Amino acid sequence: MSMRTSWADSVSAAENAAAGGGGNRSTYVPPHLRNRSASSDSLAALPQGGPDPVNAAPTGGNRWAGPRNDYNRSGYIGGSGGRGGGWNNRNGGWDRGRDREVNPFGDDDNTEQASGEPENTGINFDAYEDIPVETSGDNVPPPVNTFADIDLGDALNENIRRCKYVRPTPVQRHTIPISLAGRDLMACAQTGSGKTAAFCFPIISGIMRGQSAQRAPRMPRTACPLALILSPTRELSSQIHDEAKKFAYQTGVKVVVAYGGAPISQQLRELERGVDILVATPGRLVDLLERARVSLQMIRYLALDEADRMLDMGFEPQIRKIVQQMDMPPPGLRQTMLFSATFPKEIQRLASDFLSNYIFLAVGRVGSSTDLIVQRVEYVHETDKRSHLMDLLHAQKANGSHGKVKLGASDLCVNVNMAFLSPSLVVNKQALTLVFVETKKGADSLEYWLCSNGFPATTIHGDRTQQEREYALRSFKSGNTPILVATDVAARGLDIPHVAHVVNFDLPNDIDDYVHRIGRTGRAGKSGLATAFFNENNSSLVRSLSELMQEANQEVPAWLSRFAAKASYGGGKNRRGGGRFGGRDFRRDSSFSRGGADHYGGGNMSGGYGATSGYGAGGGYGASGYGGSYGPGVTSAWD
DNA sequence: AAAAAAC
């Protein structure tokens, strides 16, 4: 209840800080040196960790400054171990920190954006009020309210400001202090709520202030990153890399990405030039490990994005190999953070192998599907799907291509920021429609059919070349091709602004996949629409779907409820654990607790949820009196 | 049964 006040305070505090530091234009001060006051800068006091304020910009004019002076500590290990002694001596080795670092913000002239400029990357924070939060584990560090409450370091703070992140999102408020405290973490937070930054900030900050003294063994041509971030698709790794580069700009922390389908030579070159944070997909990383071009022995941070996917049947062996069978330090000697919007209990149990005395955190409602997404289910026979899709697209077009989707009586304006965009931008930022299908062949044929019928569509799936995939995504994002037909390759993590409508042309078999798919819209507090085509082929999903919709306060069609009621298989693997949260710590479930191996220090919940709804036969959760009980030493952010 | 992920 005091949240609004404290957030408002923090906003003005952040704005003052930003204005105070960047105000003087007469003398150029590199961004990473602004806001630096000798007394308050703990990073400057560290011996060798972060950028060196003295050497970084002796003339005050070198914007490529900000090198690390501990080049030998991490990343590429030069053959001779001496100054400039790397085999890759093109740049003299010693000055790799001075390599040209492309400005990811594109504001090289360092002028502030014109006032009145839209904040189209901003998060709609009002949408995140009353979000329930659950934590469990030993000694959970309390959440912070502002970025200023956390000492992330000046360079990182400057990048946060340039990203226009004024306030931390709920998952960031909870995650960052946990992570800075060095704790392992399993975090479950709704789609589009800022998870990437939540694990990137502490990693970058931790590397900046890390001790430099660690001696790395001699391993020519072997890169030794300090942090590893794994994700299940190439595009997602690429996206995380782009984000991380922004956050790490001029911090001296080097971020490199490696994934398949792209020439390995360039990735090798990047690795040779030094890497602190490696973002990768599993296959290419295993390749690099087997070639001994990467060693994991220096890993201090391991983050798995979409962690439940990374640990499901298809990926688990590769992940085990990377995490357990190569040279990565074991749990306890590294910090491990797992993130996803969904976390089935079976996967949680698998995941606990990788964790040490971890904290479980759940932020958000119902498997992370937010009520910002309007979910519709329509009964459509298999043979009618194409014409039905056509009807939807025509209706959308007729309603104005700029993001208004007719929703019965009320119009849902799906392009929230449109009013603030300059006219020239509005033209290009039309509402985008993402259509999910089951198979790669199905994607190709639907794309062809749409194009033949005058709808500009493209497609992304695993049978296309990486070039084609990336081109399709770009073309979709730009609005050039406002319809994208996709397989599950695009279901998770991709942050595509202006996706107004997600169509589940073919529903997935797993409710968690549905949650991730519809999460491509309604991001960053904006609203969105998700339409599903349902028929008898989807009966395995009907129960969990109707339950999910009820919990997200969605209108469940009567026919769907009837269908769900008569569906004979009551439980099945699609049943959720019976909680109203997307995640619940499996350690709190008695059927999972065996022996004393797990550390579990109690649980805490808070948030505005009412009477149990929809989970009549659920997991015996509502009755057990968790709500409102607070464990020792932990306070909720929402009370 | 499908999708993803290395060459």
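None of the values given here were measured: they were computed from a predicted structure. Each chain gets a letter, A, B and so on, in the order its sequence line appears, and its residues count up from 1.
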| task | Under the ring-ring contact (aromatic ring centres under 6.0 Å, His included) rule, collect the residues that match up with A:Phe455, sequence neighbours excluded. | result | A:His394
| Listed by chain and number, what are the ring-ring contact (aromatic ring centres under 6.0 Å, His included) partners of A:Trp449, not counting sequence neighbours? |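 Residues passing ring-ring contact (aromatic ring centres under 6.0 Å, His included) with A:Trp449: none at all.
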| query | Going through the distances and angles, do A:Asp506 and A:Lys385 end up as a salt bridge (charged side-chain N to carboxylate O under 4.0 Å, His left out)? | reply | CA-CA 9 Å; A:Asp506 301 318; A:Lys385 280 183 173 178; 2.8 Å; yes
| said: Is A:Lys441 close enough to B:dA2 that one of its side-chain N or O atoms is under 4.0 Å from OP1 or OP2 there? | reply: no
| message | Looking at B:dA5, I'd like to know if its phosphate oxygens (OP1 or OP2) sit under 4.0 Å from a side-chain N or O belonging to A:Thr233. | response | no
With a 4.0 Å cut-off on heavy atoms, is [X] in touch with a base, just the backbone sugar-phosphate, or nothing at all?
{"X": "A:Arg309", "answer": "nothing"}
{"X": "A:Val286", "answer": "nothing"}
{"X": "A:Gly314", "answer": "base"}
{"X": "A:Arg469", "answer": "sugar-phosphate"}

[X], nearest nucleotide to its side chain (from [options]):
{"X": "A:Thr439", "options": "B:dA6, B:dA1, B:dA3", "result": "B:dA3"}
{"X": "A:Thr487", "options": "B:dA6, B:dA1, B:dA3", "result": "B:dA3"}
{"X": "A:Glu438", "options": "B:dA4, B:dA2, B:dA6", "result": "B:dA2"}
{"X": "A:His461", "options": "B:dA1, B:dA6, B:dA4", "result": "B:dA4"}

Taking atom [atom2] of [N] as reference, at what distance in whole Å does atom [atom1] of [X] sit?
{"X": "A:Ile319", "N": "B:dA4", "atom1": "CD1", "atom2": "C1'", "result": "12 Å"}
{"X": "A:Arg291", "N": "B:dA6", "atom1": "CZ", "atom2": "C1'", "result": "9 Å"}
{"X": "A:Gln466", "N": "B:dA4", "atom1": "CD", "atom2": "P", "result": "11 Å"}
{"X": "A:Ile264", "N": "B:dA5", "atom1": "CD1", "atom2": "C1'", "result": "14 Å"}
{"X": "A:Glu316", "N": "B:dA3", "atom1": "CD", "atom2": "C1'", "result": "17 Å"}
{"X": "A:Tyr514", "N": "B:dA2", "atom1": "OH", "atom2": "P", "result": "24 Å"}
{"X": "A:Phe315", "N": "B:dA6", "atom1": "CZ", "atom2": "P", "result": "8 Å"}
{"X": "A:Lys440", "N": "B:dA4", "atom1": "NZ", "atom2": "C1'", "result": "8 Å"}

| query | Honestly, is A:Lys566 close enough over A:Phe563, meaning NZ or CZ under 6.0 Å from the six-membered ring centre and within 45° of the axis? | reply |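 That pair qualifies as a cation-pi contact.
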| task | Output yes when A:Lys246 and A:Glu243 qualify as a salt bridge under the 4.0 Å nitrogen-oxygen rule, no when they do not. | result |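 So A:Lys246 pairs with A:Glu243 through a salt bridge.
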